[in-house]
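What follows is a single structure, written as structure tokens, with notes after it.
The analysis underlying the following values was restricted to heavy atoms, covering all of them including side chains, and did not include hydrogens, waters or symmetry mates.
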Amino acid sequence: EDQVTQSPEALRLQEGESSSLNCSYTVSGLRGLFWYRQDPGKGPEFLFTLYSAGEEKEKERLKATLTKKESFLHITAPKPEDSATYLCAVQAQGGSEKLVFGKGTKLTVNP
Amino acid sequence: GAVVSQHPSWVICKSGTSVKIECRSLDFQATTMFWYRQFPKQSLMLMATSNEGSKATYEQGVEKDKFLINHASLTLSTLTVTSAHPEDSSFYICSAGGQSRDIQYFGAGTRLSVL
């Protein structure tokens, strides 16, 4: 069974204090790993897709990396507007496009 | 681009009534649409996958007669919660795929409260 575990469950940072979020996964053949941002009461907003180990993608203060067992979302010099829940999901190889999500990391950035 | 609209954003209904939620892809054709359910502090749980013009595929444990899904066009899917009960109260979110490789774009979600 495909599984995604995210840590920590919650993270509080001061503005400008860089850190990383972890997403560990087990999947029967990885087709893609996805990072989303979710604000309270809203649907997830797509951030990145990673397809193979060693791949990295960046967007503003966010950088996502991928290994064969986990992915990291690095946040450099975060701002209060980066506060949100960050969700990781995996998609397995095969015919289904199904995403399996982790529970997310709730990030709070204090000014 | 890749905008998914979900309506309504919030609905309150009485126990035993049915509620319909719409999900539309506004600027692309969605070959596949997905319906998720999310409880507080929990991950998104896939309920069903629907392809335009065919029957939805439901995940194990999801009652297909209770959660009716219709995907009548490449831009519209609907979820009807039939004979809703308080335990059906949750946050329902749709997503649509087909615009970019493997990426699902999500609607804003619908908060359902059953009294």
Would [X] and [Y] count as having a side-chain donor-acceptor pair, cut-off 3.5 Å?
| X | Y | result |
| --- | --- | --- |
| Ser77(B) | His71(B) | no |
| Thr32(B) | Asn51(B) | yes |
| Glu15(A) | Asn110(A) | no |
| Gln104(B) | Tyr36(B) | yes |

What part of Gln6(B) lies closer than 4.5 angstrom to a heavy atom of chain A: side chain, backbone, both or neither?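 Contact with chain A: none, neither part.
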Please state whether the side chain, the backbone, both or neither of Thr49(B) comes within less than 4.5 Å of a heavy atom of chain A.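 Neither part, no heavy atoms under 4.5 Å.
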Donor-acceptor pair, side chain of Glu63(B) and main chain of Phe67(B), under 3.5 angstrom: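 No.
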Top contributor to chain A contacts, counting heavy-atom pairs under 4.5 Å, from Leu44(B), Thr57(B), Ile93(B):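 Looking at each option in turn, the highest pair count goes to Leu44(B).
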Measure [X] against the heavy atoms of chain B and call it side chain, backbone, both or neither at under 4.5 Å.
| X | answer |
| --- | --- |
| Leu87(A) | side chain |
| Gln38(A) | side chain |
| Gln91(A) | side chain |

Lys98(A), Glu45(A), Lys106(A): which one forms the most heavy-atom pairs within less than 4.5 Å of chain B?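 Looking at each of Lys98(A), Glu45(A), Lys106(A) in turn, Lys98(A) comes out on top.
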Are Glu22(B) and Lys20(B) close enough for a salt bridge, meaning some N to O gap below 4.0 Å?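 Salt bridge between Glu22(B) and Lys20(B), a charged N being under 4.0 Å from a carboxylate O: no.
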